[in-house]
Structures are given as C-alpha cells and as structure tokens.
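If you're wondering where the values come from, they're calculated on a predicted model, not measured in any experiment.
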Amino acid sequence: MTSIVIPAHNEGRVIGRLLDALLADTSVSGPDIVVVCNGCTDDTARVAAGRGARVRVVEIPTPSKHRALRVGDEHAKGFPRLYVDADVVIGAADVRALVGALERNPELLAAAPGRDIPLAGCAWPVRAYYRVWQRLPAVREGLFGRGVIAVTGPGHARLAALPPLMADDLAASLAFGPGERRVVEAARVVVRPPRTWSDLIRRRVRAATSSAEFERYQAARRAEAPEPVSVSEQAPERAPEPVSEQTARTGTADLRALLWARPALLPGVVVFVVAALAARRGSRKAIRDQDFSTWLRDESSRQG
C-alpha cells in the first residue's frame, strides 16, 4: 500500500486544498494518508480530521519537521512512501504516476513530480526571479523545491540515515545519485511562490542558511570518511559508503549559459543575482551563530 506522510505546522489555511486533491479520485482505493501536526496552535488538526476516515491525524507537541517525518514513518503502512509538504497541491493521479515510475524502474529509489509555479499575483521581481530559477540545471534535475518526494523501501532507508537538517529536501535529493532519482514530468505539483519581494528574500535567506548547514554536514562526512584502500585490500562486502560530492549551487557559468541561450532573460538574471546577494548578506548572522533552526516562513504564498 502506498503511504503519504504530511508534516504540518500551523497549516490550517492551506492543508485542506492538498487533502481535497488527494481525496478527489474515489474510483480506486486510495493511499494511506497520515498528517502529523507538529506544535500546531491553529486548526490544522481539525481541518485534516474533517476530511474523513481516509486521513489519519497524529499530533505531537514539538514544532519539528524532522520529528514529524519520523513519527509519520511510525504510523505509515507501506511503500512506496511519499513525503508531502502541507502547502503544496498534488492530486491522486499524480501520486499514481510517481508510484508507477518507482515500480516500473527497480533502479530508482526516489522520484518527484514536475513543478508548476503560478506567478499570477506576484510582484514583478518575484516573477522575474522564478523565470530564471526554474531554468537552472540543478533546479530542473533535482528533487528539491517541489514539496514532494516519493521513495521505495531502500530509498527510505537512505533518507532515514540523514541527520536533522534545515535543507531536508536538498539533502534528500543529493542522497541519491543521478541514476537513482528521477523527476517524473507526467506527475505535477503546484508550488505557490512568495508574492512579495520581502517574502522572497526571507525564503532565500532560509535557503542560504540551510545550504551552509548542509555543506558543513558534507564537509564533516568527508573528514570522517576512511582513507581509501586499494581494490585488492578492500573487502567488497565492507566497502565504505561514499560521501556525496554533489551540489545544487548555481555558479556564474550556469547564468552565462542561460543568458547565451535566452538573452531576453537578462533583467531576470539581474534580479536573481540581487536576490542571491541579499540572501547571502541576510544569512551571515545565522551562519556565524550556527542558528540552523530558526525557520523564516513565507506567509504570502499561503494566502488565498
């Protein structure tokens, strides 16, 4: 049985639209859905419970996404398993497309849907930013920034080994090699962007801070990795687990290539660079203080 785990912290305004989309198709037996309300002070639990018996609601007092995911695992019934953010929208048919991709391709451990970002109602700089961001190679190919990841049993084991990280979706994406993960464009998820420049910068500051934490984790893993040994000395069954050297950072070469292919994107690239510089500046204190727990939440994307 397919299971869906939805961690939710004060998402009463938006979780209903996600659950309605998941429950809309009643022609087939639906997946097992577990909503883990973590540290909620609003009506998230009531809204989720009001969707009927197909939605199981678990409440925990701690506002922690990592803890909510682990508690969700304790209550989920099967695999493939989807982890879905409460503020996105994905439908039952899209869930089936993800599950089908994993079941048809045994080499795959993880999959995510193609993303649709509705920009109507967003400030011009926000629209310009996302027109560039969506075209970046790492963004197109990575599983992060979609609010949904589907994993097999072995894929889940890979995720379960990760420590608590603010950049949980980035870490999840880079936990799998290119041949182990896939973006399934036939499945779609709606990811609502921030509507204002200030909320965009808050989101980018959070991304810059979380990326710094993830890179420190990667560096620590490299430092702890055993010295390489020759093939003749290395026992195959005891081969050390490789440390991922993958990155999702955007370099100047990526932007130059984008401009070469699409010169009309120049204003958007300027906006993108300004946002990146503002995020770098805004994240300095948190990185210096090693504050990787303060979650700068964007409220404008949760309106309407």
Side-chain angles (χ1 to χ4, degrees), residues 88 101 108 110-149 167 169-215 218-219 222 243-284 287 298 300-301:
V88 304
L108 292 182
R115 64 169 81 79
D116 295 323
I117 302 180
L119 295 174
C122 296
W124 176 85
V126 175
R127 299 197 304 271
Y129 177 91
Y130 276 102
R131 290 188 184 112
V132 171
W133 184 80
Q134 291 184 86
R135 291 179 167 89
L136 297 172
V139 174
R140 293 198 314 269
E141 299 163 8
L143 305 186
F144 61 89
R146 302 171 191 275
V148 178
I149 184 170
D169 59 344
L170 174 61
S173 179
L174 297 184
F176 304 100
E180 298 174 321
R181 67 176 187 249
R182 179 177 299 174
V183 175
V184 180
E185 293 293 345
R188 309 302 299 176
V189 62
V190 177
V191 182
R192 285 176 169 78
R195 295 185 178 183
T196 67
W197 175 253
S198 60
D199 273 325
L200 172 64
I201 297 304
R202 285 172 63 84
R203 187 179 286 195
R204 298 321 303 166
V205 168
R206 186 181 77 209
T209 304
S210 60
S211 293
E213 180 194 25
F214 179 70
E215 287 169 356
Q218 285 182 309
R222 286 194 294 270
V243 178
S244 174
E245 295 294 335
Q246 300 179 82
T247 180
R249 277 200 177 275
T250 296
T252 55
D254 296 313
L255 297 177
R256 284 197 301 267
L258 191 59
L259 279 176
W260 179 262
R262 294 174 175 266
L265 286 175
L266 177 59
V269 169
V270 172
V271 170
F272 183 91
V273 171
V274 171
L277 293 174
R280 184 180 302 176
R281 183 171 60 250
S283 64
R284 283 175 184 165
I287 294 172
D298 155 40
S300 66
S301 63

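Minimum interatomic distance between P194 and D199 (heavy atoms only, all atoms of both residues): CB-CB, 3.7 Å. Closest non-hydrogen pair, Q134 versus V139, comes out as CA-CG1, 4.2 Å. Considering all non-hydrogen atoms of both residues, A111 and V184 come closest at CB-CG2, 4.0 Å. In plain terms, the two heavy atoms of W133 and G145 that are nearest each other are CH2-O, 4.3 Å. In plain terms, the two heavy atoms of R135 and L265 that are nearest each other are CD-CD1, 3.7 Å. Across all their heavy atoms, G114 and E185 have their closest contact at CA-OE1, 3.6 Å.
Residues T196 and V126 have side chains not in contact (no heavy-atom distance under 4.5 Å, counting atoms from C-beta outward). By the 4.5 Å heavy-atom criterion applied to side chains, L255 and L136 are counted as neighbours. Side-chain atoms of W124 and V271, non-hydrogen and from C-beta on, do get closer than 4.5 Å to each other. Contact annotation: the side chain of L258 approaches that of V132 to within less than 4.5 Å [non-hydrogen atoms, C-beta and beyond]. No side-chain heavy atom of P118 sits under 4.5 Å from any side-chain heavy atom of Y130. Using a 4.5 Å cut-off on side-chain heavy atoms (C-beta onward), R202 and V205 make no contact.
When each of L200, I201, V274 is checked for a side-chain contact (heavy atoms from CB on, under 4.5 Å) with Y129, only L200 meets the rule.
Between the side chain of R181 and the backbone N or O of F176, at least one donor-acceptor pair lies under 3.5 Å. Counting only distance, with no hydrogens or angles, the side chain of S173 and the backbone of L143 share a donor-acceptor pair below 3.5 Å. Put simply, the side chain of R127 gets close to the backbone of C122: a donor and an acceptor are under 3.5 Å apart. Side chain of R115 to backbone of V189: no donor-acceptor contact under 3.5 angstrom is found.
By the 6.0 Å contact criterion, CZ on R140 is enclosed, its count of non-hydrogen atoms from other residues, nucleotides or ligands being greater than 12.
A distance of 9.5 Å separates CZ of R280 from CD1 of I287, quoted to the nearest 0.5 Å. The line from CZ of R203 to OG of S198 is 12.0 Å long, rounded to the nearest 0.5 Å. The CZ atom of R131 sits 15.0 Å away from atom CZ of F272, with the distance rounded to the nearest 0.5 Å. To the nearest 0.5 Å, atoms CG (D169) and CG (L174) are separated by 9.5 Å.
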